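Heads up, the thing below is written out as structure tokens.
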Amino acid sequence: MKRAIFILSALLAVVSAPAQTIKLPAPKKDAGMTLYQALSQRASNRNFSDKAVSDQTLSDLLWAACGINREDGRLTAPTAMNTQEIRLYVCRADGAYEYIAKDNTLVRVSDRDLRKDIAGPQEGVAKAPVFLVLTADLDRYSRKGDRTATFGAIDCGYVSQNVCLACEALGLSTVPRAGMDEKTLRSELKLAEDQLLLINHPVGYRK
């Protein structure tokens, strides 16, 4: 009897455990707003409702941020020498994930809800259901030099701008931020030594 209870408990734990990899819906690539409309309406926001962002909307946003837009694997955002060193993490209540553009998947890197660690004391920001964290993995450069970190920061800016405009087009709100608990995030996201932690974007609906 005890053995049966143990097996049942183990099965329930497996069933209830969060998925390690989430396959996102295919991005729609049609937000119904022109680029110039998005530019005209773009504004930073730091007060979010707790309304959830659907996986479909998240997929649309991530593809716009740095998804694959050509058959040769190149991205919506340019990178120096096509290094594709920008790595994007999605932090939600159910944990933290790395976005893998080639598969349009989220791969779990932490079971912890890191949103308060990213938001810090900004209570309005902390209510955002999703945070995107952008890093530059300098190990991906075949040739390293004094300007490598500069290239990473510049490339991160392209992705950040894509996020800002895509959020506007999708009816979402965001704001680029540099403040966050870097020690906790480096540990929980399992960042490499040469992986620069650069920008975060709270994402959600305006309160």
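The structure displayed is predicted, hence computed values, not measured ones.
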Going by salt bridge (Lys or Arg N to Asp or Glu O under 4.0 Å), name the residues that satisfy it together with [X], two or more places apart in sequence or in a different chain.
| X | answer |
| --- | --- |
| R92 | D55, D94 |
| D50 | none |
| R140 | D137 |

With [X] via side chain to side chain contact (heavy atoms under 4.5 Å, CB included) - residues at least two apart:
| X | answer |
| --- | --- |
| C66 | L88, Y99, V159 |
| L197 | V133, T135, M180, E182, L185, R186, L191 |
| T105 | T21, K23, I100, D103, V107 |

Results of side chain to side chain donor-acceptor pair (under 3.5 Å) for [X] - residues two or more places apart only:
| X | value |
| --- | --- |
| Y141 | E85 |
| S110 | E188 |
| D30 | none |

Query - salt bridge (Lys or Arg N to Asp or Glu O under 4.0 Å) partners of residues 58-79, not counting sequence neighbours, each pair once - result: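 Checked against salt bridge (Lys or Arg N to Asp or Glu O under 4.0 Å) - neighbours excluded - the pairs reaching residues 58-79 are D72-R74.
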
Considering only distance and modelled atom types, tabulate donor-acceptor pairs under 3.5 Å from the side chains of residues 116-124, sequence neighbours left out.
unit_1: D117; atom_1: OD1; unit_2: R112; atom_2: NH2; d: 3.3
unit_1: D117; atom_1: OD2; unit_2: R112; atom_2: NH2; d: 3.3
unit_1: Q122; atom_1: OE1; unit_2: R177; atom_2: NE; d: 3.3

Report task. For residues 159-169, pull every pair meeting side chain to side chain donor-acceptor pair (under 3.5 Å), keeping only residues two or more places apart or in separate chains. Result ->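 Output for this query lists S160-H201.
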
